[in-house]
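The structure under discussion appears below in the form of structure tokens.
Side-chain atoms are counted along with the backbone in the values below, which use heavy atoms only and exclude waters and symmetry mates.
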Amino acid sequence: MGDLGKLAERLREFAAAREWEHYHTPKNLVMALAGEVGELVAEFQWLTAEEAASIMDDPQAGRRVRAEIGDVVAYLVRLADVLGIDLLEAAEAKLAESERRYDPARYRGVYRKAPPLE
């Protein structure tokens, strides 16, 4: 079992030990994930691009960002586990699709969205 699998198992056990499984519905987990992403966004909200790039140089800000990213990952892993989605497989599939959609010769340095695959 990979590291994400071990994390999913720990999160599953954590929820079970507290009898929280009935709270961990896909809807509730998505809402919790969105809330945690919002808290991560708040850490960067008023920073310049340069300040954001060096946020981990500030020990206090770095701790907060690390904690928020930890929350985001935990909720994402728990959501994927509840839905029966292999996160790494889903990410690999999405990357493969993006590689087909965004030909490097055509999209190098270009930020426009590619049309959907047919």
Under 3.5 Å, which donor-acceptor pairs do the side chains of residues 15-26 form with other protein atoms, sequence neighbours left out?
residue	atom	partner	partner atom	Å
Arg18	NH1	Phe14	O	3.0
Trp20	NE1	Arg18	O	3.4
His22	ND1	Glu19	O	3.2
His24	ND1	Arg78	NE	2.7
His24	ND1	Arg78	NH2	3.4
Thr25	OG1	Asn28	N	3.2
Thr25	OG1	Asn28	ND2	3.4

For residues 66-77, which side-chain N or O atoms pair as donor and acceptor with protein atoms under 3.5 Å away, sequence neighbours left out?
none

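Rounded to the nearest 0.5 angstrom, Lys6 NZ and Asp3 CG are separated by 5.5 Å. Annotation: the span from Asp81 atom CG to Leu7 atom CG amounts to 9.5 Å, rounded to 0.5 Å. Annotation: the span from Glu36 atom CD to Glu39 atom CD amounts to 4.5 Å, rounded to 0.5 Å.
Under the rule for a side chain to side chain donor-acceptor pair (under 3.5 Å), the partners of Glu43 that lie at least two apart in sequence or sit in another chain are Arg64. Listed by chain and residue number, Glu97 satisfy the salt bridge (Lys or Arg N to Asp or Glu O under 4.0 Å) test with Lys94 (two or more places apart in sequence, or in another chain).
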Set out, in order, the CA-CA distance, both residues' side-chain angles and the distance that settles side chain to side chain contact (heavy atoms under 4.5 Å, CB included) for Val30 and Lys27, then state yes or no. CA-CA 5 Å; Val30 166; Lys27 177 197 75 79; 6.0 Å; no
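Within the structure, the salt bridge (charged side-chain N to carboxylate O under 4.0 Å, His left out) test picks out no pair touching residues 53-63 (sequence neighbours left out).
Linking ILVMFWY side-chain heavy atoms closer than 4.5 Å, directly or via other members, places Ile85 and Val82 in a single hydrophobic cluster.
The 12-atom threshold is exceeded at CD of Gln45, counting heavy atoms of other residues, nucleotides or ligands nearer than 6.0 Å. The local environment of CZ in Arg112 is crowded, with over 12 non-hydrogen atoms from other residues, nucleotides or ligands closer than 6.0 Å. Heavy atoms of other residues, nucleotides or ligands lying less than 6.0 angstrom from CE of Met31 number 12 at most. Heavy atoms from other residues, nucleotides or ligands lying under 6.0 Å from CZ of Arg10 number 12 at most.
Here the closest non-hydrogen pair linking Tyr107 and Pro115 is OH-CD, 3.6 Å.
Hydrophobic cluster membership for Trp46: none, as no Ile, Leu, Val, Met, Phe, Trp or Tyr side chain comes under 4.5 Å of it.
Considering only heavy atoms from C-beta on, Val41 comes within 4.5 Å of Val37 through its side chain.
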